[in-house]
Asks: 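Dropping a structure here in structure tokens format, bear with me for questions.
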Amino acid sequence: MKKYMLNMKVTGNDRLHANYCLLRLTADQILPEMQPGQFVQVHVENSPTTFLRRPISINYVDREKNELWLLVQLVGDGTRKMATYKVGDIVNVLLPLGNGFTKPETAAQNLLLIGGGVGTAPLLYWGAVLKEMGCSPAFLLGARSKEDVLQRDLFEQLGDVYITTEDGSLGEKGYVTNHSILEQMHFDRIYTCGPKPMMVAVAKYAKNLSIPCEVSLENTMACGIGACLCCVEKMNDGHHVCVCTEGPVFNSEKLTWLN
Amino acid sequence: MAELNVNIGALKLKNPVTTASGTFGYGIEYDDFMDISRLGGIFVKGTTIQPREGNPYPRMAETPAGMLNAVGLQNKGADYFAAHIYPEIKDIDTNMIVNVSGSSVETYVACAEKIAELEKIPAIELNISCPNVKQGGMAFGVTTAGASEVVRAVRKVYPKTLIVKLSPNVTDITEIARAVEAAGADAVSLINTMLGMAIDVEKRRPVLSTVTGGLSGPCVKPVALRMVWQTYKAVQIPIIGLGGISNWKDAVEFMLAGATAIQIGTYNFIDPTVGIQVIEGIEAYCDKHGFASARELVGALEV
């Protein structure tokens, strides 16, 4: 897919919670095709300690409004700077980068999208595209506590939503892999994005039941376009591949996590 | 309109702006963002005779105004390059220069011989300065004897333009530059990355899997500029300056300090079109200040 560098205009920036903001961006041109699971690289200006672009997954693409949504967790100086962007500010973005999730073979398949923390971000767009395709995706969202469950209302418009929180303040108490839905229902495909320990646990669960599972990695990266070879992940065949160009979505069987 | 073309030995560049090895892939990674044939040259990824998987992740740490990397020369080897990558890039209308690395004199020579067979690769950049590989690389670049030995050996088998990339991690870069000039180098490029490190205080562990790595980006520019200036006064062969160049002004500074051409490295990650802006900026600078050619900038610093 052709990549673009766009100067995008901020159309909204809502603080969803102390640690998260939803940044909405538009462009003069019609936004190019973007696949769920792909990401963008945001240039953060006027943040002296932020040198590299910030890789952020695509949270949603609103075609009617020609808007790109980025769900940003405030982790360091760069993302905190992004939280201060005002409507009308211009942000330079490279997009779309990497590869998206693999489509299911048939719309009838039972699909489970498992997200943890800000890792739920790409699952919203994926869920929306799946629903458009006639699928009925289910969502299993994990968070520390109630207020960390992001965009719950939007997920509920797309399918059944199951929730776990570590403190039990919403949904079932515990981690996503403890949720009772995993014992009650059979799924044909699992897609997951979140903290690595969570994704490893999900990938193991999927492997035990021989369910195809795709995971979305967030290795630290510099260029985002396969030039610097910094964001590599070691594959089962022993080779290092760039997460930015070969991923960020991988079939979990290809990774060394399950060995 | 000022003339922008410059020569590095027998190598003709349409303008002084090139991209640094390891920051621009094989050029084609940047195709979507700009017309890469407008560049004076592209120094492609470090290539070794045998494939290398590079160092384990994590390989990168961001710093204020720069980054550390410890990629460790990951590449698929010279045979793969010749068979699969060369056909993809050979018709790009600019100088495609291969950065050649090794772990012994023999492996440098073998790689240079292999690349010499490729008709449309007009030059190699001999990397005697990579800080991220254990045996060799920088080991050759930090002593005059080691640098001379490897350059002399490669010179015997490589008839085209031989550029030698120098390490800043030395007491006196001019000694090394003089040594490689005497050993037959057609040009030197400097600086490679500076050895540095980063620590994760929460984990009380190094950020990089290799503990130390190479620092690049705007933070190294003043050091690089100083080394280009010192080297300019020490050798007769052309200098390709690099280290933190992120705009046309930086590029002009390097040329005034004595660089005939420049490489843009880490800043390609921030702005993939920076090369084009630097070409246009140098041209505008020459026109504004009455230079008929960018060649007149080289070493024009008044001290």
Side-chain angles (χ1 to χ4, degrees), chain A residues 1-7 32-33 40-45 47-55 75-79 92-98 196 217-235 237-247 255-257, chain B residues 19-34 42 44-46 51-76 132 198 207-209 213-219 244 246 265-274:
Chain A
M1 285 172 78
K2 183 172 161 60
K3 298 182 270 289
Y4 298 82
M5 180 164 73
L6 301 178
N7 283 319
E33 187 192 340
V40 307
Q41 282 265 55
V42 178
H43 186 209
V44 184
E45 288 183 66
S47 174
T49 54
T50 308
F51 176 64
L52 298 167
R53 287 175 180 263
R54 289 294 178 266
V75 179
D77 294 347
T79 46
N92 186 273
V93 184
L94 303 183
L95 87 186
L97 305 177
K196 186 172 172 183
L217 306 194
E218 49 179 22
N219 293 11
T220 51
M221 59 179 65
C223 72
I225 58 172
C228 71
L229 308 187
C230 287
C231 64
V232 293
E233 180 75 18
K234 195 169 199 169
M235 297 291 112
D237 63 9
H239 294 306
H240 280 127
V241 304
C242 285
V243 167
C244 67
T245 50
E246 301 296 313
L255 307 177
T256 57
W257 300 0
Chain B
T19 52
S21 177
T23 68
F24 212 68
Y26 295 101
I28 43 185
E29 290 84 346
Y30 286 79
D31 257 345
D32 283 347
F33 302 110
M34 63 187 258
I42 295 172
V44 305
K45 226 169 250 180
R52 289 180 57 95
E53 280 305 323
N55 293 319
Y57 179 85
R59 294 176 170 183
M60 193 275 290
E62 187 181 31
T63 70
M67 62 179 270
L68 290 156
N69 90 80
V71 171
L73 295 174
Q74 179 178 331
N75 78 100
K76 291 185 175 171
N132 292 324
V207 176
L208 300 174
S209 68
L215 181 67
S216 63
C219 57
S246 59
T266 306
Y267 213 77
N268 291 308
F269 304 156
I270 314 305
D271 181 353
T273 66
V274 60

Asks: Evaluate the side-chain proximity of A:Phe51 to B:Thr63: yes if any heavy-atom separation is below 4.5 Å, no if none is.
Replies: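 Heavy-atom side-chain distance check fails, nothing below 4.5 Å.
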Asks: Quick check: does any side chain N or O of B:Arg59 sit under 3.5 Å from a backbone N or O of A:Val232, one acting as donor and the other as acceptor?
Replies: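 A pair under 3.5 Å: no.
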Asks: To check you understand the geometry: which heavy-atom pair defines the closest contact between B:Pro56 and A:His240, and what is its length?
Replies: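 In terms of heavy atoms, the two residues are closest at CA-NE2, 4.1 Å.
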Asks: Measure A:His239 against the heavy atoms of chain B and call it side chain, backbone, both or neither at under 4.5 Å.
Replies: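 Its backbone and side chain both get close to chain B.
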Asks: Please determine, among A:Thr50, A:Asn92, A:Thr245, A:Leu52, the option with the most heavy-atom pairs under 4.5 Å with chain B.
Replies: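 Heavy-atom pair counts peak at A:Leu52.
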Asks: Supply the atom-to-atom distance B:Phe269 CZ to A:Arg53 CZ, rounded to the nearest 0.5 angstrom.
Replies: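 If I round to the nearest 0.5 Å, the distance is 12.0 Å.
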Asks: Nearest 0.5 angstrom please: B:Asp31 CG to A:Ile225 CD1, how far?
Replies: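 B:Asp31 atom CG to A:Ile225 atom CD1 measures 10.0 Å (nearest 0.5 Å).
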Asks: Counting heavy-atom pairs under 4.5 Å to chain B, which of A:Asp77, A:Asn219, A:Thr49 comes out on top?
Replies: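 Ranked by heavy-atom pairs under 4.5 Å with chain B, first place is A:Asn219.
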Asks: What I'd like to find out is whether the side chain of A:Cys230 reaches to under 4.5 Å of the side chain of B:Met67, using heavy atoms alone.
Replies: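 Yes, their side chains come closer than 4.5 Å.
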Asks: Kindly write out the residues that satisfy ring pair (Phe, Tyr, Trp, His ring centres under 6.0 Å) with B:Tyr267, not counting sequence neighbours, or none if the list is empty.
Replies: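 With neighbours one apart ignored, the set is empty.
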Asks: Hey, what do you get for CD (A:Glu45) to CD1 (B:Ile270), rounding to the nearest 0.5 Å?
Replies: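 If we round to the nearest 0.5 Å, A:Glu45:CD and B:Ile270:CD1 are 11.0 Å apart.
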Asks: At a heavy-atom distance under 4.5 Å, which candidate from A:Gly224, A:Pro48, A:Cys228, A:Cys231 has the highest pair count against chain B?
Replies: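 Looking at each of A:Gly224, A:Pro48, A:Cys228, A:Cys231 in turn, A:Cys228 comes out on top.
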Asks: Among residues at least two apart in sequence or on other chains, which ones pass side-chain contact (heavy atoms from CB on, under 4.5 Å) with B:Ala198?
Replies: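 If we apply the side-chain contact (heavy atoms from CB on, under 4.5 Å) test to B:Ala198, skipping adjacent residues, the hits are B:Ala61, B:Leu68, B:Val207.
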Asks: What's the spacing between A:Met5 CE and B:Met34 CE if we round to 0.5 Å?
Replies: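 Atom-to-atom, A:Met5:CE and B:Met34:CE are 10.0 Å apart.
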Asks: What are the two closest heavy atoms between A:Met221 and B:Met60, and how far apart are they?
Replies: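 Result for this residue pair: O-CE, 3.3 Å.
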Asks: Compare every heavy atom of A:Leu229 with every heavy atom of B:Val71, then report the nearest pair and how far apart it is.
Replies: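 Closest approach of B:Val71 to A:Leu229: CG2-O, 3.7 Å.
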Asks: Are B:Tyr57 and A:Lys234 side-chain neighbours, meaning at least one heavy-atom pair lies under 4.5 Å?
Replies: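 When only atoms from C-beta onward are counted, A:Lys234 and B:Tyr57 do not touch, as no gap falls below 4.5 Å.
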